[in-house]
Protein chains: 2
Amino acid sequence: MSVGHTGVTPQLGPCGDDDCGIRDVLDRLGDKWTVLVLVELAKGVRRFRELQRAIPGISQRMLTVTTRRLCRDGLVERTAYATIPPQVEYRLTDLGRSLAAQVVSLADWSRSHRTAIAEARERWDAL
Amino acid sequence: MSVGHTGVTPQLGPCGDDDCGIRDVLDRLGDKWTVLVLVELAKGVRRFRELQRAIPGISQRMLTVTTRRLCRDGLVERTAYATIPPQVEYRLTDLGRSLAAQVVSLADWSRSHRTAIAEARERWDAL
DNA sequence: CAGAATCCCATTCGATACTG
DNA sequence: CAGTATCGAATGGGATTCTG
């Protein structure tokens with residue numbers, strides 16, 4: 001979705017309904033890699049390559065896209081050193097850390113209940 | 001996720017690293033409506049129409065698809081009454097409630113920090 | 001090493017129309 | 001009311017190639 005309204009602030013007051021601003025954040029968690037990057041960065045500072053190695057299957061492109069989005073949202077900070085070869089460090093901001101805590105907790109939930117879900121799916125598919 | 005291009009085997013390892021079964025759950029949270037449905041059902045039992053009214057913008061089709069996926073995963077229970085007109089109730093299972101708790105907490109985080117994120121984006125886009 | 005730029009396929013989702 | 005069925009557009013993201 002990512003409305004990204006430049007200029008007009010949508011004045012969501014007491015937020016009578018649900019999707020207040022949930023979407024702005026959750027759309028990001030939705031994409032395929034953001035959560036995994038957050039979880040990895042929750043462990044500490046990482047370089048580009050380190051992230052890529054730590055997250056099997058992510059392509060160069062998607063790591064670039066994902067980290068940039070996180071930077072844009074103020075969740076991750078990027079530090080580039082003008083060395084040869086270049087070196088870039090990614091680290092969570094305070095804001096990012098507070099989100100990552102939630103995400104890690106969600107990841108834990110996933111691990112704890114994955115079998116229960118797998119079984120439910122089997123039962124469903126058996127019909 | 002299904003990385004499968006033609007010929008390429010997904011080859012997901014036996015979960016040696018992080019993404020153990022995170023994906024199974026988080027892919028669902030990723031799609032556009034699941035979180036909103038969970039949050040709404042966390043408030044109580046809802047009928048099909050009630051859900052649709054509570055979640056502005058969701059199409060009939062997507063509500064059907066989303067609720068069915070949640071049922072398949074054992075997170076939501078569906079009860080249909082053979083009345084005329086038909087009546088169908090959706091309610092969280094115990095498993096669903098425990099996930100919804102996490103999700104609601106995440107939604108709260110989103111609301112609390114949406115301005116911080118919006119500001120970060122403005123700063124970024126200003127460059 | 002850390003990207004940027006293309007290409008292009010697959011999935012997602014919305015709109016619409018129909019049904020029990 | 002609570003779906004099902006079909007179609008088309010938009011989007012996500014993988015593979016590949018090139019660069020500072």
What is the distance, rounded to the nearest whole Å, between atom [atom1] of [X] and atom [atom2] of [N]?
X	N	atom1	atom2	result
B:E50	D:dG3	CD	C1'	16 Å
B:R68	C:dC13	CZ	P	15 Å
B:R46	D:dC1	CZ	C1'	17 Å
A:I58	D:dG14	CD1	P	8 Å
A:R53	C:dC1	CZ	P	6 Å
B:L51	D:dG3	CG	C1'	14 Å
A:L70	C:dG3	CG	P	13 Å
B:L63	D:dC1	CG	P	13 Å

Next item on the list: Report yes or no: is the cationic atom of A:R23 (NZ for Lys, CZ for Arg) closer than 6.0 Å to the six-membered ring centre of B:W33, at no more than 45° off its axis?
Entry: yes
query: When you check the side-chain N and O atoms of B:T34 and B:D31, is any donor under 3.5 Å from an acceptor?
result: yes
Exercise for review: Give B:T64 one of three labels, base, sugar-phosphate or nothing, depending on what nucleic acid heavy atoms sit under 4.0 Å from its own.
Suggested key: base
For [N], does either OP1 or OP2 sit under 4.0 Å from a side-chain N or O belonging to [X]?
X	N	answer
A:R61	D:dT16	no
A:Y90	C:dC1	no
A:K32	D:dG14	yes

From the list [options], which nucleotide is the closest neighbour of the side chain of [X]?
X	options	answer
A:D31	C:dG3, D:dA2, D:dG13	D:dG13
B:Q60	C:dA17, C:dG3, C:dC1	C:dA17
A:M62	D:dG14, C:dG20, C:dA2	D:dG14
B:R69	C:dC13, D:dC1, C:dG3	C:dC13
A:F48	C:dG3, D:dG14, C:dC1	C:dG3
B:R49	C:dG3, C:dC1, D:dC1	D:dC1

Q. Do A:D125 and B:R72 sit within salt-bridge range, that is, some charged N less than 4.0 Å from a carboxylate O?
A. yes
| said: One thing to verify: whether A:R121 and A:E119 come together as a salt bridge, which I'm taking to mean a side-chain N less than 4.0 angstrom from a carboxylate O. | reply: no
_Within the structure provided, determine whether B:T64 and B:F48 are in side-chain contact (heavy-atom separation under 4.5 Å)._
yes
